[in-house]
Structures are given as structure tokens and as C-alpha cells.
Amino acid sequence: MFEIGEHDSNLLQKAVKDGNAVLLLGAGTSATSRNAQGQNVKLGRALAAELAEMAGLPYANEDLPDAIQAAGPRISEVQLHQLFSKEYKRIVPAAELNDLFQYSWRRLYTWNIDDAIENVRSTVQLRRYYNGLKDRVAVDEGIEYLHVIHLHGEASKPEHGFIFGPSEYNRRLNENKHDWYRQAATDYAAHVPIFIGSTLKEPILSAELDRARPNANASLGTAFLITPDEFTALQKAAYQARNIVVVQGTLADFIDWLGKTVGASVNPLEISKGQNSFTDALASRIVATRSEISTANSILVQTWQDAKKRADELQGLKLQQAARAFLEGEPPSWRIAASDIPVWLTATNDLYRPYRPQLRPRTECSSFTDNRAAERRQRFFNRSSDTFGSTRERPSMS
């Protein structure tokens with residue numbers, strides 16, 4: 001299994017190597033982990049059968065939401081929480097789930113209520129945990145930290161509630177209390193989402209994805225769905241229409257594919273070194289700590305030589321277009337500052353004029369600055385008179 005086209009494979013590999021992939025984990029990712037009794041973690045229908053037995057009801061392979069609705073009035077909330085505690089706390093994660101955390105992810109969302117992820121011991125990122133039904137959305141802290149969000153609640157925190165079926169979904173939608181779902185939709189559009197072990201039947205996520213589209217036909221980018229399930233031609237076409245690449249396979253198959261194509265691990269330092277020259281230089285000289293790497297990622301090295309080289313690439317029409325964009329209000333950049341495009345406009349002189357009498361005794365370079373700025377403006381507009389129609393000092397653009 002795990003057959004994937006060349007172009008899709010390249011996109012998925014790059015997302016993982018760049019730390020730009022968001023994980024969304026369904027029940028299938030816990031299927032091979034073990035509960036405290038040494039049994040496989042109960043998935044939807046297995047839990048439904050257990051609930052039906054507790055309630056003294058016959059079970060005929062109904063879905064979990066139906067079982068919860070039928071059993072709810074017949075068993076107490078305490079009994080329900082005891083069942084969740086027995087089945088979904090102190091989970092021993094499977095080997096492939098442990099291996100998943102040897103790679104760096106932008107964020108991780110899970111629909112599972114078990115604590116398998118919390119019990120993974122060896123990871124390349126620091127983890128922070130959030131209950132999607134209770135906690136506020138947290139600001140992204142960079143690739144050093146992995147935010148793990150339990151969208152449907154946690155067995156260890158039953159007091160915050162759970163989402164199991166349509167009634168809970170509808171209540172959350174009506175009350176507009178699904179901030180983490182909204183953030184998941186934002187991450188979906190901003191990064192590369194990878195769904196594993198899920199059927200994607202998530203009404204809140206679908207609603208938020210529709211809201212995230214600027215218009216009905218706008219694309220939110222490519223997503224990947226990794227599942228052992230088989231789909232009909234019609235179902236595959238429906239996923240394709242949503243720009244979702246379906247890859248048949250399990251979590252273990254995905255880990256095996258990562259090992260062959262990406263490597264056994266991708267840690268935050270490797271990602272940072274590839275994206276930031278200062279981090280790369282720092283790591284080559286010292287053994288950097290996590291805090292030092294985080295700080296280094298925020299430092300962008302700028303030299304006059306580099307800025308001038310980029311500025312010299314602006315020639316002819318490109319130079320004129322960059323000048324017009326800047327003069328019409330586009331923010332300045334090092335590339336603009338290193339070019340002949342004037343960055344000192346008449347509005348700047350108007351701003352300083354009332355304060356010059358007070359500033360002049362403190363510095364003797366203001367007139368020199370004005371003269372140099374005037375010279376640069378004149379030189380540039382002499383060269384660009386065909387574009388702007390005049391060599392006079394340009395007024396500021398508001």
C-alpha cells in the first residue's frame with residue numbers, strides 16, 4: 001500500500017522537510033495502541049458495543065453516536081466517565097505512533113480522547129497540550145514547539161465535555177464555541193494538512209473551511225488523507241474535487257514511507273538551518289540550545305553587499321515598477337534602500353521642518369542629509385523622466 005503520485009509525493013516530502021505539515025489524527029491512529037488492560041484501544045463500533053452491553057441493549061453494528069444516544073438515559077454520567085477512564089487513560093502508544101514524533105510538525109489536532117500522544121516519551125519537539133472544548137487558541141511558538149489539540153475532549157478531563165455525535169456538533173455550531181476548529185481551518189489553508197485514520201466527516205471543520213474560502217470556488221490548497229479504507233470511484237472523485245489526495249495506507253505505512261523518502265527523523269534544528277543562514281552559522285560553531293535556536297530563527301542577517309546585489313537586479317521596467325509601487329505607498333525594504341529609488345520624500349521634510357530649529361544645535365548633519373537626499377531624488381528622477389514625466393521632487397503619496 002501507500003501508492004502516491006510523483007508530484008503529490010514531492011509536495012508531501014517538502015512539507016515534512018520544511019516543517020510545514022499539520023497533522024489531523026482520527027481514530028485509526030490509535031488502533032494499534034494498547035489500553036491499561038493490554039487490549040487494543042476500542043474504536044467507534046467496539047465502544048458502541050460496550051455501551052450497549054452496559055445499558056442492557058442489543059447491539060447490531062450501529063454507529064457510536066446512535067449507541068451513545070440510546071444508552072445515555074440508561075447509564076449515569078459517572079458510569080460513562082468510568083468507562084472512558086478505563087478504556088482511554090494510561091494508553092501504551094504503538095511503535096508507529098512513537099515514530100511519528102521523530103518528525104517536526106507545525107501543529108497536531110486529534111479527534112481522539114485517549115492519552116496515547118501524551119504517553120509518547122521521545123520527541124524532537126517540545127509539546128504543549130490544549131483541550132479544544134475549553135482552552136483558548138494559543139499563538140504559534142515556532143517549530144520548536146508542537147501544539148497538540150484534543151478537538152473532541154479528553155478522557156482525563158471529562159468535566160470539559162466531549163463531542164461524539166450530531167447533537168454535540170450542532171450545539172457547538174449554534175453557540176459558536178469552536179475556536180480551535182476555526183484555527184484548524186486557518187492552519188489547513190496556511191500549511192499542508194495531513195489527515196490520518198479519519199473519514200473527514202466533521203461538520204464543524206467543514207463549516208469553518210467553507211468560511212475560510214474568500215469565495216465559493218477558491219482553493220484552500222492540497223490536503224492528504226491517509227487511510228486503509230477503500231473508496232468507490234464516486235467517493236474518490238468527491239475528494240479530488242476538494243483537492244484532497246487520498247493515499248491508501250495506515251499510520252505504519254506512512255512512517256515507513258517517511259523513512260524511505262525523508263529520513264528517520266527531521267528535527268527543528270535541521271529545519272531552521274535550512275531556512276535561516278544565521279541559525280546555520282550558529283549551529284556550525286556551537287551546540288545550540290532550544291532557546292538559542294528559537295532566538296536565532298528571529299534574526300535575519302542583512303549586509304549592504306547582499307542588499308546592493310538585490311537592488312542591482314532591478315533594471316529597466318522592473319526598477320520603474322518598484323519605484324512606482326514604493327511611491328504609491330508600498331513599505332520600504334532593504335532592496336529599495338540600496339537602490340537609487342528615493343526613500344526620503346517631501347512628506348518627510350514636512351514632518352521634520354517644524355522641529356529643525358530645535359534639532360539643529362544637536363546635530364550638524366541635517367543639512368548634509370537633506371542635500372544627499374535631494375541629490376539622490378534628482379538623480380533618480382532624471383533617469384526616470386520618461387516614466388514619471390518630470391524631474392521635479394515628487395510629492396508624497398498618501
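Any value given below was found using the heavy atoms of this structure, including those in side chains, with hydrogens, waters and symmetry copies removed.
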Query raised in the report: Does any non-hydrogen side-chain atom of Leu100 lie less than 4.5 Å from one of Ile255?
Result: yes
Query raised in the report: Are there more than 12 heavy atoms of other residues, nucleotides or ligands under 6.0 Å from atom CD of Glu3?
Result: no
Query raised in the report: Donor-acceptor pair, Tyr103 side chain versus Gly263 backbone, under 3.5 Å?
Result: yes
Query raised in the report: With distance as the sole test, does Tyr88 use its side chain to make a donor-acceptor pair with the main-chain N or O of Lys42 at under 3.5 Å?
Result: yes
Query raised in the report: Considering all heavy atoms of both residues, which atom of Gly249 and which atom of Ile226 are nearest to each other, and what is their separation?
Result: O-CG2, 3.6 Å
Query raised in the report: side-chain contact (heavy atoms from CB on, under 4.5 Å) with Leu108: which of Val22, Ile149, Leu24, Ile117?
Result: Ile117
Query raised in the report: Taking C-beta and beyond as the side chain, do Val246 and Asp229 meet within less than 4.5 Å on heavy atoms?
Result: no
Query raised in the report: Looking just at side-chain N and O atoms, do Gln183 and Asp179 make a donor-acceptor pair shorter than 3.5 Å?
Result: no
Query - Which atom of Asn98 lies closest to which atom of Gln102, heavy atoms considered - result: O-NE2, 3.6 Å
Requested in this report: Count the heavy atoms of every other residue, nucleotide or ligand shown that sit under 6.0 Å from CD of Gln235, and state whether that count exceeds 12.
Outcome: yes
Query raised in the report: How about Gln69: does its CD atom have over 12 heavy atoms from other parts shown lying under 6.0 Å from it?
Result: no
Query raised in the report: For Arg310, does its backbone N or O pair with a side-chain atom of Arg335 as donor and acceptor, under 3.5 Å?
Result: yes
Report task. Nearest 0.5 Å please: distance from the CG atom of Leu83 over to the CD atom of Glu53. Result -> 10.5 Å
Query raised in the report: Crowded around Lys134 NZ? As in, over 12 foreign heavy atoms under 6.0 Å?
Result: no
Query - By side-chain hydrogen bond (donor to acceptor under 3.5 Å, both in side chains) - contacts of Asp135 (at least two apart) - result: none
**Report entry** Ser33 and Asp114: side chain donor to acceptor below 3.5 Å
**Finding:** no
Requested in this report: Answer with yes or no whether the hydrophobic clustering places Phe326 together with Trp334; edges join I, L, V, M, F, W, Y residues whose side-chain heavy atoms lie under 4.5 Å apart.
Outcome: no
Query raised in the report: Are Val262 and Val247 connected, step by step, through hydrophobic side chains (Ile, Leu, Val, Met, Phe, Trp, Tyr) whose heavy atoms are closer than 4.5 Å?
Result: yes
Query raised in the report: Is the distance between the ring centroids of Tyr169 and His152 less than 6.0 Å?
Result: yes
Query raised in the report: Do Val92 and Val120 belong to the same hydrophobic cluster, where Ile, Leu, Val, Met, Phe, Trp and Tyr are linked whenever their side-chain heavy atoms lie under 4.5 Å apart, directly or via other members?
Result: no
Report task. Walk me through it: do Leu51 and Leu64 pass the test side-chain contact (heavy atoms from CB on, under 4.5 Å)? Result -> CA-CA 9 Å; Leu51 284 169; Leu64 178 60; 3.9 Å; yes
Query raised in the report: Can you tell me how far CG of Asn35 sits from CD of Glu87, rounded to the nearest 0.5 angstrom?
Result: 5.5 Å
Query raised in the report: Under 3.5 Å, is there a donor-acceptor pair linking the side chains of Asn20 and His191?
Result: yes
Requested in this report: With the side chain counted from C-beta on, respond yes when Val266 and Ile271 share a heavy-atom pair under 4.5 Å apart, and no when they do not.
Outcome: yes
Report task. Output yes when a side-chain donor or acceptor of His150 lies under 3.5 Å from a complementary backbone atom of Thr110, and no otherwise. Result -> no
Requested in this report: Would you please test Lys309 and Asp312 for salt bridge (charged side-chain N to carboxylate O under 4.0 Å, His left out) and show each step?
Outcome: CA-CA 5 Å; Lys309 182 179 179 181; Asp312 290 342; over 6 Å; no
Query raised in the report: So, do Leu12 and Phe254 sit near enough that their side-chain heavy atoms are less than 4.5 Å apart?
Result: yes
Query raised in the report: Given Gln248 and Thr227, is the side-chain contact (heavy atoms from CB on, under 4.5 Å) satisfied, shown in steps?
Result: CA-CA 5 Å; Gln248 191 172 11; Thr227 174; over 6 Å; no
Query raised in the report: Got Asp115 and Glu154 here, is their nearest side-chain heavy-atom distance under 4.5 Å?
Result: no
Query raised in the report: Regarding Asn170 and Ser167, is there a side-chain donor-to-acceptor distance under 3.5 Å anywhere?
Result: no
Requested in this report: Measure across Ala21 and Ile194 and return the closest heavy-atom pair with its distance rounded to 0.1 Å.
Outcome: CB-CD1, 3.8 Å
Report summary line: Residues Ile91 and Ala116: closest non-hydrogen pair is CG2-CB, 3.6 Å
Query raised in the report: Hey, does Val192 have a side-chain heavy atom less than 4.5 Å from the side chain of Asp18?
Result: no
**Report entry** Heavy-atom donor-acceptor pair, Gln125 side chain to Trp105 backbone, under 3.5 Å
**Finding:** yes
Report summary line: Rounding to 0.5 Å, atoms CH2 (Trp111) and OG (Ser30) come to a distance of 13.0 Å
Report task. Begin from the C-alpha positions of His81 and Glu159 and carry the test side-chain hydrogen bond (donor to acceptor under 3.5 Å, both in side chains) through to its verdict. Result -> CA-CA 9 Å; His81 293 171; Glu159 66 274 13; over 6 Å; no
Query raised in the report: Is the count of non-hydrogen atoms from other residues, nucleotides or ligands lying under 6.0 Å from Glu77 atom CD greater than 12?
Result: no
Report summary line: Correct closest heavy-atom pair for Ile163 and Leu151 would be CD1-O, 4.2 Å
Report task. Could you tell me whether a side-chain N or O of Glu270 sits under 3.5 Å from a main-chain N or O of Asn267, the two making a donor and an acceptor? Result -> yes
Query raised in the report: Applying the 4.5 Å side-chain criterion to the ILVMFWY set and letting contacts propagate, would Leu43 and Leu225 be lumped into a single cluster?
Result: no
Query - Atom of Leu133, atom of Asn131 and distance for their closest heavy-atom approach - result: N-OD1, 2.9 Å
Report task. State whether Tyr130 and Arg107 meet the cation-pi test: NZ (Lys) or CZ (Arg) under 6.0 Å from the six-membered ring centroid, and within 45° of the perpendicular axis. Result -> no
Query - Stepwise side-chain contact (heavy atoms from CB on, under 4.5 Å) test for Lys318 and Glu313 - result: CA-CA 9 Å; Lys318 287 186 177 180; Glu313 293 172 355; over 6 Å; no
Requested in this report: Look up atom CZ in Phe195 and atom OH in Tyr109, then write down how far apart they are to the nearest 0.5 Å.
Outcome: 10.5 Å
**Report entry** Close side-chain approach of Leu97 and Thr32, heavy atoms under 4.5 Å
**Finding:** no
Requested in this report: Please determine if Arg106 and Asp140 form a salt bridge, counting it only when a charged side-chain N lies under 4.0 Å from a carboxylate O.
Outcome: yes
Query raised in the report: Per the side-chain hydrogen bond (donor to acceptor under 3.5 Å, both in side chains) rule, which among Arg127, Glu141, Arg128 passes with His147?
Result: Glu141
Query - Rounded distance [0.5 Å steps], CD1 in Ile4 versus CG in Asn10 - result: 9.0 Å
**Report entry** Derivation and outcome, ring pair (Phe, Tyr, Trp, His ring centres under 6.0 Å), residues Phe84 and Phe164
**Finding:** CA-CA 12 Å; Phe84 291 162; Phe164 284 118; 5.3 Å; yes
Query - Inter-residue atom distance Tyr129.OH - Ser156.OG, 0.5 Å rounding - result: 11.0 Å
Query raised in the report: With side chains defined as the heavy atoms from C-beta onward, is the minimum distance between Trp257 and Gln13 less than 4.5 Å?
Result: yes
Query raised in the report: Is it the case that one hydrophobic cluster holds both Leu23 and Val245, taking links as side-chain heavy atoms less than 4.5 Å apart, direct or via other members?
Result: yes
Report task. Without swapping roles, check the side chain of Tyr59 against the backbone of Glu62 for a donor-acceptor pair under 3.5 Å. Result -> yes
Query raised in the report: Backbone N or O of Asp253 within a donor-acceptor pair of the Asp256 side chain at under 3.5 Å?
Result: no
Report task. Please say whether more than 12 non-hydrogen atoms of neighbouring residues, nucleotides or ligands are located less than 6.0 Å from NZ in Lys157. Result -> yes
